[in-house]
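Below: one structure, written as structure tokens.
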Amino acid sequence: MKTFQELQIGDYFRIEDIYAESVYRKASDSQCSLNAGLQPIRPETRVIPLSAREIAEHFAKKQEFLNSLKR
């Protein structure tokens, strides 16, 4: 577990105690993105950084969902 402030810009993470499927990305020192929308976030917010495997799984699920819309 880390704080938002400890992440590097571009890191993917989940927010502690928030819906587990939501994946955020650090966009700046004071904002994160969720589905292309920017949201303010406090530097001391506790976050769970995602591993490379978890990021890959997230994008695979997202692609699978998008492909299902084409059918």
Side-chain angles (χ1 to χ4, degrees):
M1 191 103 37
K2 291 185 174 187
T3 63
F4 179 75
Q5 183 176 358
E6 294 175 284
L7 296 176
Q8 300 294 316
I9 292 176
D11 285 353
Y12 288 88
F13 63 95
R14 291 196 169 95
I15 298 176
E16 183 181 36
D17 299 329
I18 300 290
Y19 182 60
E21 294 299 314
S22 296
V23 173
Y24 299 83
R25 185 171 185 244
K26 184 170 182 173
S28 71
D29 288 335
S30 62
Q31 294 182 317
C32 62
S33 63
L34 175 64
N35 299 326
L38 292 177
Q39 299 181 351
I41 186 168
R42 293 186 175 117
E44 67 275 6
T45 300
R46 308 274 301 158
V47 300
I48 304 165
L50 297 184
S51 67
R53 181 185 57 78
E54 290 171 311
I55 295 167
E57 287 174 1
H58 167 71
F59 282 109
K61 286 180 187 176
K62 196 172 193 176
Q63 187 63 49
E64 184 178 312
F65 171 73
L66 293 173
N67 288 340
S68 74
L69 297 176
K70 292 179 184 178
R71 296 179 197 157

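Worth saying up front: this structure is predicted, and the values here are computed from it rather than measured. Counting from 1, the numbers follow the sequence of the chain as shown. All values below were derived from every heavy atom in this structure, side-chain atoms included, with hydrogens, water molecules and symmetry-related copies excluded.
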For a 4.5 angstrom cut-off between non-hydrogen side-chain atoms, does [X] reach [Y]?
X: F4; Y: K26; result: yes
X: N67; Y: K70; result: yes
X: I15; Y: I41; result: yes
X: L7; Y: P49; result: yes
X: I18; Y: Y24; result: yes

Practice problem: Evaluate whether atom CD of E64 has more than 12 neighbouring non-hydrogen atoms of other residues, nucleotides or ligands under 6.0 angstrom away. | Solution: no
Practice problem: Working to the nearest 0.5 Å, report the span between CD of Q5 and OG of S30. | Solution: 11.5 Å
Exercise. Can you measure from CZ (R14) to NE2 (H58) and round to the nearest 0.5 angstrom?
Key: 8.0 Å
Quiz item: Going through the checks in order, is the side-chain contact (heavy atoms from CB on, under 4.5 Å) test met by R25 and I55?
Solution: CA-CA 11 Å; R25 185 171 185 244; I55 295 167; over 6 Å; no
Quiz item: Tell me, which pairs form a salt bridge (Lys or Arg N to Asp or Glu O under 4.0 Å) where one or both residues lie in residues 45-55, sequence neighbours left out?
Solution: R53-E57
Exercise. Using the rule that two of Ile, Leu, Val, Met, Phe, Trp, Tyr join whenever any of their side-chain heavy atoms come within less than 4.5 Å, decide whether L50 and I9 are in one cluster.
Key: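 No, it is not one cluster - the side chains of L50 and I9 are not joined through contacts under 4.5 Å.
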Quiz prompt | Connected hydrophobic set around F65, excluding itself, where side chains approach under 4.5 Å | solution =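 Traced through the cluster, F65 reaches L66, L69.
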Quiz item: Got a sec, which hydrophobics cluster with I48, joining ILVMFWY side chains under 4.5 Å apart, including via others?
Solution: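 Members besides I48, by chain and number: M1.
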Quiz item: A27 and S33: which non-hydrogen atoms are nearest, and at how many Å?
Solution: CB-N, 4.5 Å
Quiz item: In chain order, what residues pass the side chain to side chain contact (heavy atoms under 4.5 Å, CB included) check against K61, with sequence neighbours excluded?
Solution: E21
Exercise. Taking side chain to side chain donor-acceptor pair (under 3.5 Å) as the test, write out the residues that go with E6, two or more places apart.
Key: T3
Exercise. Not counting sequence neighbours, which residues clear ring pair (Phe, Tyr, Trp, His ring centres under 6.0 Å) with Y12? List them please.
Key: F59
